[in-house]
2 protein chains.
Amino acid sequence: MSYLYFVVYLNHKRSPIEMFSKKCEYGIRAAILIAGESLKGQRISLKYISEQIGSPNAFTAKILQTLTRAGLVDSQKGPTGGFEIPIEKLSQITLHDIVEALDGSQIYNGCGLGLAECSEDHPCPIHEHFKLVRADLKAMAHRANLLDLSTGLIKGFTYLKTACPKKIKFIKDKKVLNSITE
Amino acid sequence: MSYLYFVVYLNHKRSPIEMFSKKCEYGIRAAILIAGESLKGQRISLKYISEQIGSPNAFTAKILQTLTRAGLVDSQKGPTGGFEIPIEKLSQITLHDIVEALDGSQIYNGCGLGLAECSEDHPCPIHEHFKLVRADLKAMAHRANLLDLSTGLIKGFTYLKTACPKKIKFIKDKKVLNSITE
DNA sequence: AAAATTCGGGACAAAATTATCCTTTTATAC
DNA sequence: GTATAAAAGGATAATTTTGTCCCGAATTTT
């Protein structure tokens with residue numbers, strides 16, 4: 001007698017194309033979490049961060065190193081150490097700052113078709129069409145700051161981790177299922 | 001006696017993050033070129049396409065296969081063969097159709113932070129901020145069609161290839177320079 | 001001082017994207 | 001028919017992105 005079980009697992013792979021790289025997505029999520037905890041006077045560890053935002057631990061460590069070196073986040077070693085952002089800086093740090101540090105500003109400045117030379121004088125076919133999109137994205141990234149982004153989180157209005165899985169795989173064999181879910 | 005030479009070369013590597021994948025960029029450029037030539041009653045070959053849009057030949061072949069299988073482009077084998085798009089279909093095929101076939105629609109539908117579950121009811125912190133950008137991008141991609149995109153090209157108002165190089169590398173040694181540029 | 005905890009950073013591994021090579025198939029022209 | 005020109009498609013390689021492992025450095029607690 002065999003049953004149909006299903007096992008669910010998160011995947012960390014970047015979908016064919018998203019707006020930001022995985023590095024940047026994790027970085028933004030981490031920064032918002034740190035911002036929220038900093039507002040509450042808490043310093044938080046890498047372990048806690050990767051648990052809360054559902055990101056791979058060691059990869060997140062590299063990203064936080066980058067943000068720390070960029071001066072966007074403060075780090076402290078040793079027990080009781082961790083990451084934090086001074087409250088007074090929260091409203092000054094924008095989404096743009098995070099993206100710039102991790103992905104660069106190609107996304108708002110580059111040509112939509114990847115041409116090196118694409119400008120008003122020498123436009124690609126979608127140059128005009130792309131203007132508005134790029135301008136919106138750029139304005140949004142400069143407007144959104146860590147204070148605003150983290151208050152929604154603290155109030156429970158927004159979320160940083162998906163409760164729902166990305167990939168669902170069906171497994172008939174109970175033993176196989178248990179070997180994966182144990 | 002040594003001089004300072006510089007050698008210039010195009011790079012086909014995707015920058016850290018752009019709006020579309022390289023595959024999609026080449027696909028869009030190829031489709032617009034084919035559209036323009038089709039308007040002039042010409043069928044064009046892979047070789048001509050990759051020369052005109054400055055894309056790697058074999059990679060472009062794969063992309064055109066995908067577009068052909070998706071029914072967006074017609075292909076014909078043999079001498080005088082090549083790629084074309086029936087004129088009457090040009091205004092019906094949108095940027096969205098090309099992107100959808102090559103990259104999927106994740107870019108306008110997916111969460112900006114990569115969360116699997118991100119919606120009005122369970123939003124990520126940047127969900128509201130991203131709405132406008134995504135909507136603009138989606139609307140633009142549905143609005144822009146191959147007829148419009150290719151007429152600018154035919155009239156010489158827009159370009160599909162960069163005259164200007166992406167990377168510049170300085171090389172002092174004349175022998176090294178010659179070995180590269182020969 | 002020793003132990004424990006946490007970040008820093010180098011080396012390495014896996015996966016996805018980007019790109020190349022080469023053979024087969026199909027159609028045209030001679 | 002034969003040669004030729006072009007797309008189709010399989011296999012493979014290079015590069016980049018994503019992710020892991022492990023050890024060292026710094027800081028706090030005991």
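Note on naming: letters A, B, ... go to the chains in the order of the sequence lines (proteins, then strands), and numbering restarts at 1 for each one.
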J.: So if I take every side-chain heavy atom of A/Phe59 and compare against C/dC21, D/dG19, D/dC21, which nucleotide ends up nearest?
T.: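 For the A/Phe59 side chain, the nearest candidate turns out to be D/dG19.
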J.: Could you pull out all residues at least two apart from B/Lys77 that satisfy side-chain hydrogen bond (donor to acceptor under 3.5 Å, both in side chains)?
T.: none
J.: Please state how far atom CG in B/Asp103 lies from atom P in C/dT17, giving the value in whole angstrom units.
T.: 9 Å
J.: Please report, rounded to the nearest Å, how far the P atom of D/dA7 is from the CG atom of B/Asn57.
T.: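 Rounded to the whole Å, the gap is 9 Å.
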J.: Using whole Å, report how far CD1 of B/Ile63 lies from P of D/dA7.
T.: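 Answer to the nearest Å: 14 Å.
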J.: Under the ring-ring contact (aromatic ring centres under 6.0 Å, His included) rule, collect the residues that match up with A/His96, sequence neighbours excluded.
T.: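 So A/His96 forms a ring-ring contact (aromatic ring centres under 6.0 Å, His included) with A/Tyr108, A/His142.
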J.: What residues, two or more places apart in sequence or in another chain, satisfy salt bridge (Lys or Arg N to Asp or Glu O under 4.0 Å) together with A/Lys40?
T.: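 Expected list: A/Glu37.
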J.: List the residues meeting ring-ring contact (aromatic ring centres under 6.0 Å, His included) with A/His129, not counting sequence neighbours, and say none if there are none.
T.: none
J.: Write down the distance between NZ (B/Lys22) and C1' (D/dA14), rounded to a whole number of angstrom.
T.: 16 Å
J.: Rounded to the Å, how far apart are B/Ile34 CD1 and D/dA6 C1'?
T.: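 Value for this atom pair: 14 Å.
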J.: Rounded to the Å, how far apart are B/Lys23 NZ and D/dT16 C1'?
T.: 15 Å
J.: Going by salt bridge (Lys or Arg N to Asp or Glu O under 4.0 Å), name the residues that satisfy it together with B/Glu88, two or more places apart in sequence or in a different chain.
T.: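 Here no residue qualifies.
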J.: Can a side chain N or O of B/Tyr48 be found less than 4.0 Å away from OP1 or OP2 on D/dA6?
T.: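 Result: no.
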J.: Can you give one letter per nucleotide of nucleotides 6-11 of chain C, 5' to 3': B if a protein heavy atom sits under 4.0 Å from the base, S if only from the sugar-phosphate, - if neither?
T.: BBSBBB
J.: Could you state the atom-to-atom distance from CG of B/Asp74 to P of D/dA8 in whole Å?
T.: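 Between P of D/dA8 and CG of B/Asp74: 11 Å.
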J.: Distance check needed: C/dT17 P versus B/Gln106 CD, whole Å only.
T.: 12 Å
J.: Using the rule side chain to side chain contact (heavy atoms under 4.5 Å, CB included), only one of A/Ile53, A/Ile63, A/Thr60 pairs with A/Arg29; which is it?
T.: A/Ile53
